[in-house]
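Written out below as structure tokens is the structure these notes cover.
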Amino acid sequence: MQQNQPANFKNRIGFVLASVGSAVGMGNIWMFPYRVGQYGGAAFLLIYFGFVALFGWVGLSGEFAFGRLTGTGPIGSYAYALRSRGKKGGGVLGAIPLLGSLGIAIGYAVIVGWVVRYCWGAVSGSLFAVGSEEYFGQITGPFGSLLWHGVVVLVTVLVLARGVLQGIEKVNRIIMPAFFVLFLVVAVYVVFLPGAAEGYRYLLIPQWEKLLDPMTWVMAMGQAFFSLSITGSGMIIYGSYLSKKEDIPRAAMQTALLDTCAALLAGFAILPAVFAFGMDPASGPPLIFITLPKVFAQMPGGRFIAVLFFLSVIFAGITSLINMFEVCAEAVTTHLKLPRKAAVVLVGALAFAAGAFIEFEPYLGKWMDAITIYVVPFGALLCAFIIYWVLGGKRIGEELVLGRKKALCRAFLPTARYLYVGLAVLVFILSIICGGIG
């Protein structure tokens with residue numbers, strides 16, 4: 001085991017907020033609301049809540065415990081698990097989810113850069129001076145957003161350079177509550193828009209016949225799985241900074257609950273506003289970058305609401321990037337023996353340099369598809385198998401009971417080994433077949 005990180009999280013609250021920051025991202029904002037309405041409203045939500053509870057209970061808990069047990073990131077953790085079986089090559093396997101995190105971070109930084117530019121456009125008014133399609137086209141050409149992209153990477157590097165307590169934990173303690181407050185303000189404002197009720201109906205009226213559609217179950221499972229950031233890397237590194245006194249299953253369920261609240265809040269803030277102005281509730285980047293600016297342009301006080309909205313999305317993006325950069329920086333520090341600050345700068349420079357060449361939107365789309373459809377789901381599956389089959393239920397179970405006042409539920413390990421790992425296999429296969437489900 002290796003324990004060369006700069007510090008641990010001060011307490012469970014800081015840890016949970018950091019984990020929620022990692023989990024809450026673009027998928028909660030531009031994909032979840034659309035999928036809820038498309039696949040059955042409240043009927044979809046019931047399935048989604050069930051998968052979130054399952055994946056939070058055994059998936060998040062397993063990754064947190066794996067990291068705390070080994071005291072290091074995915075490369076060291078996977079190597080530890082294989083050594084426990086007298087095998088080598090764990091470090092090579094651990095590099096797969098690590099590369100997945102780096103790959104997402106490269107593209108994610110570009111997207112968050114777009115959001116920063118949109119936020120500034122809302123402040124200055126330039127966002128509303130031209131059509132949203134034209135504005136989007138101006139920033140998504142080749143090398144079209146280098147300044148804003150660079151600002152995002154620089155801010156993330158500066159946060160991480162301060163370490164766990166003064167960087168990751170402190171920033172998430174401020175940003176995540178601010179995220180919820182800002183989105184809540186937008187959601188409350190939207191309630192009073194004429195025509196907003198149609199958006200609530202889209203989200204909440206159950207279409208029970210959708211329960212017979214297999215794609216409803218597939219999309220609910222994929223949304224829950226990836227929304228919780230179960231990627232085989234990021235949550236391991238946060239777990240490695242967690243005190244042995246903390247109750248991991250409890251922290252995992254709190255993380256899952258807050259992440260779900262964030263997704264619901266995004267839905268209640270976005271879709272009623274979209275329906276109030278008769279817009280198409282499209283999924284993905286068009287929702288944030290094309291549809292919503294049109295909504296804000298027509299909305300009373302829309303410029304102010306646009307600033308609040310894009311600022312909250314920036315918070316969600318930065319906290320996710322912090323986790324992605326951190327898991328990569330830890331690997332550089334541990335395995336290349338660089339000082340922490342040098343490692344953070346190296347990761348930031350690599351992410352920015354690679355991202356600069358995919359700022360052209362079609363290139364970025366292909367890059368993110370390749371990472372999220374193939375690399376990340378495989379890394380998540382690999383991690384689930386290594387935790388519950390290679391390392392084994394007995395050893396991970398011993399770690400999971402540390403900090404708890406009562407024993408682990410008897411159903412936990414069988415559920416994790418058979419149901420959770422089986423579903424992780426299914427997520428990987430279906431992700432490829434469907435061209436992405438998360």
Is there a side chain to side chain contact (heavy atoms under 4.5 Å, CB included) between L204 and L45? Walk through the geometry before answering. CA-CA 8 Å; L204 296 176; L45 285 176; 4.3 Å; yes

Pairing residues for S243 by the side-chain hydrogen bond (donor to acceptor under 3.5 Å, both in side chains) criterion, not counting sequence neighbours: none

Atom pair CD1 (I437) and CE (M31), whose distance is rounded to the nearest 0.5 Å: 10.5 Å

Donor + acceptor pair across side chains of Y241, E330 (<3.5 Å): no

Pair F55-L60, side chain to side chain contact (heavy atoms under 4.5 Å, CB included): steps then yes or no: CA-CA 7 Å; F55 295 148; L60 273 182; over 6 Å; no

State which residue, out of W114, Y118, F183, fulfils the ring pair (Phe, Tyr, Trp, His ring centres under 6.0 Å) condition with F310. Y118

All pairs passing side chain to side chain donor-acceptor pair (under 3.5 Å) where residues 253-265 contributes a residue, at least two apart: R12-Q254, N28-D259, S227-D259

Any pair with a residue in residues 201-214 that passes side chain to side chain donor-acceptor pair (under 3.5 Å), sequence neighbours left out, goes on the list, sorted by first then second residue, please. E198-R201

For R173, the salt bridge (Lys or Arg N to Asp or Glu O under 4.0 Å) test, sequence neighbours excluded, returns E169

Pair listing, side chain to side chain donor-acceptor pair (under 3.5 Å) test, anchored in residues 29-38, at least two apart: Y34-Q38, R35-Q223

So which atom in S320 and which in V24 form the shortest heavy-atom distance, rounded to 0.1 Å? OG-O, 2.8 Å

Please list, chain by chain and in numerical order, all residues satisfying side chain to side chain contact (heavy atoms under 4.5 Å, CB included) with I429, sequence neighbours excluded. V425, I433

How many angstroms lie between CE in M299 and NZ in K294, if you round to the nearest 0.5 Å? 14.5 Å

Determine whether the aromatic ring centres of residues F357 and F143 are separated by less than 6.0 angstrom. yes

Can you check whether F315 and F179 have ring centres sitting under 6.0 Å from each other? no

Just checking F304: does its CZ atom have more than 12 heavy atoms from other residues, nucleotides or ligands closer to it than 6.0 angstrom? no

Would you compute the distance between atom CD of E63 and atom OG of S77 and round it to the nearest 0.5 angstrom? 10.0 Å

CG of L381 to CD1 of I386: how many Å apart, nearest 0.5 Å? 9.5 Å

Looking at L154, I want to see if its CG is surrounded by more than 12 non-hydrogen atoms of other residues, nucleotides or ligands under 6.0 Å. yes

Can you tell me which residue among F268, F226, Y48 is in a ring pair (Phe, Tyr, Trp, His ring centres under 6.0 Å) with F32? Y48

Once you round to the nearest 0.5 Å, how far does CE of M26 lie from CD1 of I111? 6.5 Å

Are the side chain of T291 and the backbone N or O of P286 linked by a donor-acceptor pair below 3.5 Å? yes

Nearest heavy-atom neighbours spanning G435 and I373: O-CD1, 3.2 Å

Correct closest heavy-atom pair for A343 and A329 would be CB-O, 3.7 Å

Per the side chain to side chain donor-acceptor pair (under 3.5 Å) rule, what does the pair list look like for residues 356-373, sequence neighbours excluded? H149-E359

Partners of M253 by side chain to side chain contact (heavy atoms under 4.5 Å, CB included), sequence neighbours excluded? A53, W57

Using side chain to side chain contact (heavy atoms under 4.5 Å, CB included) as the criterion, list what pairs up with L419, not counting sequence neighbours. L54, T415, L423

I need the full list of salt bridge (Lys or Arg N to Asp or Glu O under 4.0 Å) pairs touching residues 15-30, with sequence neighbours left out, sorted by first then second residue. none

Nearest non-hydrogen partners of G355 and V110, listed with the distance: O-CG2, 3.7 Å

By side chain to side chain contact (heavy atoms under 4.5 Å, CB included), which residues pair with V157, not counting sequence neighbours? V153, F325, V344, V345

Side-chain donor-acceptor pair under 3.5 Å between T231 and S233, yes or no? yes

With no hydrogens and no angle check, is any side-chain donor or acceptor of Y388 less than 3.5 Å from a backbone partner on V58? yes

CG on L147 to CD1 on I139, rounded to 0.5 Å: 12.0 Å

Residues that Q298 engages under side-chain hydrogen bond (donor to acceptor under 3.5 Å, both in side chains), provided they are two or more places apart: none

Please check this pair: side chain of S240 against backbone of G67, looking for a donor-acceptor N/O pair closer than 3.5 Å. no

Quick one: are the ring centres of Y238 and F9 less than 6.0 Å apart? yes

Do R303 side-chain atoms and V123 backbone N/O form a donor-acceptor pair below 3.5 Å? yes

Does the T319 side chain pair with the main chain of A316, one donor and one acceptor, at a distance under 3.5 Å? yes

Where V130 and E134 come nearest, the two heavy atoms and their spacing: CB-OE1, 3.8 Å

Which heavy atom of A306 sits nearest a heavy atom of F128, and at what distance? CB-CZ, 4.0 Å

